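Just dropping this structure here.
From a predicted model like this one, the values you see are computed outputs, not experimental measurements.
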Amino acid sequence: MTKQTVLLLGATGETGRSILDGLLADPNSFHVEALVRPSSAEKPEVKRLGERGVKIRVADIDGALDDLVAALAGVDVLISAIDATRQLAQLQLATAAKQAGVQRFVPCAFITIAPPGGVMALRDSKEQVYQHIRKLYLPYTIIDVGYWHQISIPALPSGRGDYAAPVKPTADIHAGGTAPTMLGDLRDIGRYVALIIKDARTLNKYVAAYSDVLSENEIFALVEEMSGETIARNYVSADDIVAARARFAALVDSEPQNMYARTMGFITEYNYSKYVRGDNTPAYAAYLGYLDVQELYPDVRPRSFRAFVAELLDGKAEKPYKVLPRLLQFV
């Protein structure tokens, strides 16, 4: 099989690193390159990509369209793992990909399952990109991944899991804790992306990639069982979630540059979608037309939530976001 040339935007971010690892693990299928902006080309983390054999292409995705088209020449698959606050920068990227003859564009999805149209602002900004892709008649694949294991661990009284948490964990139970939600390990995102982008069945489709489906009550019970500790739960009602969501949405509308409001807005909308509406499930994904990785690749064994908890309690888990992005600095 001919190798695909895959160009990855955001290769030094958390999701991007997972994707990069997944692609590099299959050298017979992929020639892997990274797209970076001129201001990042000399950064140490970009230099380290080169040390791993990743060719660097330098381009400003906000710059001249013709220059961006030239930078995408010869790319078979373009994958974007761009920052959450920069989703609409992908509009020009998609236009350039179409003009450059890219055979598959994987825009920055990689969130929980949610419908477009007023449930999650982050999902709606991504939807603007998806609609633009379809207007261009650009081949695409949308990949959503549930909620990471790494940010799903409740706070233990001993603090044993705090070392691996990007922000201090809580013991919040949302809307009774009964809503099932899809979970997945950050490290498995890349494994699945590598399978999905060479699979003809996933072209012009949405794909849900995850390992477990657990409610918060089940998560807390599992962590208590494995740790031997009892977690004092803090119950957050559905009404409280709805009110917080409305409060931060109004603040974002009045102060668009308020990063604290944007961060809390994202968090409250995740809580609303997952726990009040109950969107993030395989059943709802299927209703929305998603393919399911567990059906596509039944022989692949992702890291289970239980396995991650065991790793965490053994002191072997790796902390994501060692350097916090601006959004998480406000949590």
Any donor-acceptor N/O pair, Q99 side chain to A97 backbone, under 3.5 Å:
no
Working note: V6 + H31, criterion side chain to side chain contact (heavy atoms under 4.5 Å, CB included); need CA distance, chi angles, decisive distance, verdict.
CA-CA 6 Å; V6 182; H31 174 69; over 6 Å; no
Think R245 forms a cation-pi with Y272, using NZ or CZ under 6.0 Å from the six-ring centre and within 45 degrees of its axis?
yes
Using a strict 4.0 Å threshold on nitrogen-to-oxygen distance, state whether K198 and D26 make a salt bridge.
yes
Is there a path of hydrophobic side-chain contacts, each under 4.5 Å between heavy atoms, that joins L7 and V129?
yes
Heavy-atom closest pair (F110 atom, S80 atom, distance to 0.1 Å) is CE1-O, 3.4 Å
Any Lys/Arg nitrogen of R86 or D62 sitting under 4.0 Å from an Asp/Glu carboxylate oxygen of the other?
yes
Are side-chain heavy atoms of I111 and K126 found at a separation under 4.5 Å?
yes
Can you check whether G117's main-chain N or O pairs, donor with acceptor, with D124's side chain at less than 3.5 Å?
yes
Can a donor-acceptor pair be found between the side chains of H149 and S304 at a distance below 3.5 Å?
no
Side chains of E224 and E229: closer than 4.5 Å at any heavy-atom pair?
no
With no hydrogens and no angle check, do the side chains of S227 and R160 hold a donor and an acceptor under 3.5 Å apart?
no
Nearest non-hydrogen partners of D162 and P169, listed with the distance
OD1-CG, 3.3 Å
Is any side-chain heavy atom of R37 less than 4.5 Å from a side-chain heavy atom of V58?
no
Does the side chain of D188 pick up a donor-acceptor pair with the side chain of Y210 at under 3.5 Å?
no
Just wondering, are more than 12 heavy atoms of other shown residues or ligands nearer than 6.0 Å to OH in Y287?
no
Strictly under 6.0 Å, is that where the ring centroids of Y290 and Y284 end up?
no
Exercise: identify the closest heavy-atom pair between V32 and L23:
CG2-CB, 3.7 Å
Can you say whether the rings of W148 and Y321 are parallel (under 30°), tilted (30 to 60°) or perpendicular (over 60°)?
parallel
I'd like to know if the side chain of Q87 reaches the main chain of L122, judged simply by a donor and an acceptor atom lying under 3.5 Å from each other, with no hydrogens or angles considered.
no
Among side-chain atoms of T268 and R247, is any donor-acceptor pair under 3.5 angstrom?
no
Taking the inter-plane angle between the rings of H174 and Y275 on a 0 to 90° scale, is it parallel (under 30°), tilted (30 to 60°) or perpendicular (over 60°)?
parallel
If the threshold is 4.0 Å, N to carboxylate O, is there a salt bridge linking E311 and R187?
yes
For residues D279 and S273, is any side-chain donor paired with an opposing acceptor at under 3.5 Å?
yes
Can you tell whether the side chains of R306 and E225 come within less than 4.0 Å, N to carboxylate O?
yes
Over 12 non-hydrogen atoms of neighbours within 6.0 angstrom of CZ in R134
yes
Check the pair Y140 / R104 against side chain to side chain contact (heavy atoms under 4.5 Å, CB included), numbers first and verdict last.
CA-CA 5 Å; Y140 69 91; R104 188 189 304 234; 5.8 Å; no
Quick one, Y192 and V300 - any side-chain contact, counting heavy atoms below 4.5 Å?
yes
Mind checking the CG-CG spacing from N217 to L222? Nearest 0.5 Å is all I need.
12.5 Å
Hey, does I79 have a side-chain heavy atom less than 4.5 Å from the side chain of L9?
no
Are K274 and T181 close enough that a side-chain donor and a side-chain acceptor fall under 3.5 Å?
no
Can we say E51 and K47 salt-bridge, meaning some charged N sits less than 4.0 Å from an Asp/Glu carboxylate O?
no
Going through the checks in order, is the side-chain hydrogen bond (donor to acceptor under 3.5 Å, both in side chains) test met by Y297 and D199?
CA-CA 10 Å; Y297 316 113; D199 187 342; 2.8 Å; yes
Closest contact, heavy atoms only, T5 versus G74:
CB-O, 3.7 Å
Evaluate salt bridge (charged side-chain N to carboxylate O under 4.0 Å, His left out) for D212 paired with R303, printing each intermediate quantity in order.
CA-CA 9 Å; D212 299 76; R303 296 172 175 88; over 6 Å; no
